[in-house]
Amino acid sequence: MIGFLKPAAHKALLPDEKITPTYKRLRMQVFVGIFLGYAGYYLVRKVFSLVMPDLVNLGYSKTELGIALSGVSIAYGLSKFIMGNVSDRSNARRFLTLGLVLSAITMITMGLLPVATSSIAIMFALLLMNGWFQGMGWPPCGRVMVHWFSIRERGTKMSIWNVAHNVGGGIIGPLAILGVAIFTDWHAKLYFPGIIALVVALIAWLLIRDTPQSCGLPNIEKFKDDYPDEYSDKFEEEMSAKQIFMEYILKNRLLWSIAFANAFVYLVRYGVLDWAPLYLEEAKGFSIQESGWAYFAYEWAAIPGTLLCGYLSDKVFHGKRAPVSIIYMVLVMVSVFMYWVSNSLVANSIALICIGFLIYGPVMLIGVHALDLVPKKAAGTAAGLTGLFGYMGGALFADIAMGAVVDKWGWSGGFIVLLGACVAAIILIGISWYQEYKGHNGIH
Ligand SMILES: O=P(O)(O)OC[C@H](O)CO
């Protein structure tokens, strides 16, 4: 690992009386750090979809814009897996900040330089770069999560942390409106969130710490007296890329099956989200303000939905992830149908809010499940594998194929694809449930 990114060195243990107060303070501090940091990543993740109506007005087709937008998903999916593996061997504080700064600079450049939106090829290349830098966000958060929070508290903590996706994603609608109001320039939808993301990167840098051991604290398992099954001292040793992949990823049947399911969950997630501004403005006659607020409501509705999903999974289904994911996906299907056929502004907004409320539950549970299936030094790679399928399969299809399907068969064609994806996700999550029932439980 290059020097700057090397995991922070372990320090001598603090005196006994300082361990508990320091641990408590730093756990809160790093949690806020990764929460704000990841929300910051979302400020500049998919902000391009908000300028798509402006680009359509300039003469670009939906197919072309879908191709440009796919740059994010292609690079993000690959990067989340590859950089996830690098992140497993890197200092989370530096890694997360570096990725966010690079991603913000890319979107600021895209907004400020007229040449950056002058052709599909240039937009695609810049979005490809942005997607790669974006892939440096989730894995260090996963690394912080598994080093600072023990296995039996991780479900709850992850569901709270997951809300960062929606805080970041939900703010970009109003932020775009504010940016355009301040600068009277639609390009501000790109550079204004980028500038805010740079500020967030600085805050994340100030708050995040790599591991408890690098702050003079014992490992979290010892501190909480909460050990995963098969835990050994080996779990504290940094591993090589090959070792992580060969020993903990390749043979992990359950991990692969949730990764496949994730492709379809993500097809629905991004098939709805990325096309919402254009669909609402073009097919339903929303104004830019109305679609910006609907987009905002979609993300914020996810917050109670995600928290409820984590609660139901832990308390009602005793830690099982599949049953509640299946219930959520069935309800997503009903809501997607409503979103398709309703005609009023209110009914469309309600349908979109219902999809937002529901879809992040399965998204979150698949991530939690991936972390649980491997030792903590392989967490980034495991989550990266599910991300690879989610983005290279689902989100990529949502960007490229949805654009082409809608251009050819209209919005109805797009909705048939989304409903089919709901069915496929339900079947695949059902298969992972069956595997668990048969006794497969990842590597533990
Ligand atoms: O990579 P993202 O941003 O889609 O997030 C993944 C989810 O957090 C999985 O739990």
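Just so you know, residue 1 is the first one in the sequence shown, and it goes up from there. Remember, it's 1-based here, ligands and their atoms both numbered in the order they're listed. Every value quoted in this text rests on a predicted model; they were computed, and no experiment measured them.
- At a 4.0 Å heavy-atom cut-off, the residues surrounding ligand 1 are Y38, Y42, R45, Y76, K80, W138, N162, H165, Y266, R269, V363, M364, G367, Y391, listed by chain and number.
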Self-check item: Test ring pair (Phe, Tyr, Trp, His ring centres under 6.0 Å) applied to Y76 and W132, step by step
Solution: CA-CA 5 Å; Y76 182 77; W132 192 268; over 10 Å; no

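- The aromatic rings of W256 and F389 sit perpendicular to each other, their planes meeting at more than 60°, with 30° as the lower class boundary.
- Within 6.0 Å of OH in Y266 there are more than 12 heavy atoms belonging to other residues, nucleotides or ligands.
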Practice problem: Let me see the working for Y191 and M110 under side chain to side chain contact (heavy atoms under 4.5 Å, CB included), right down to the final yes or no. | Solution: CA-CA 7 Å; Y191 58 74; M110 195 166 191; over 6 Å; no

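- Y270 has its ring centre less than 6.0 Å from the ring centre of Y391.
- In this structure, F337 has its ring center at least 6.0 angstrom away from the ring center of F415.
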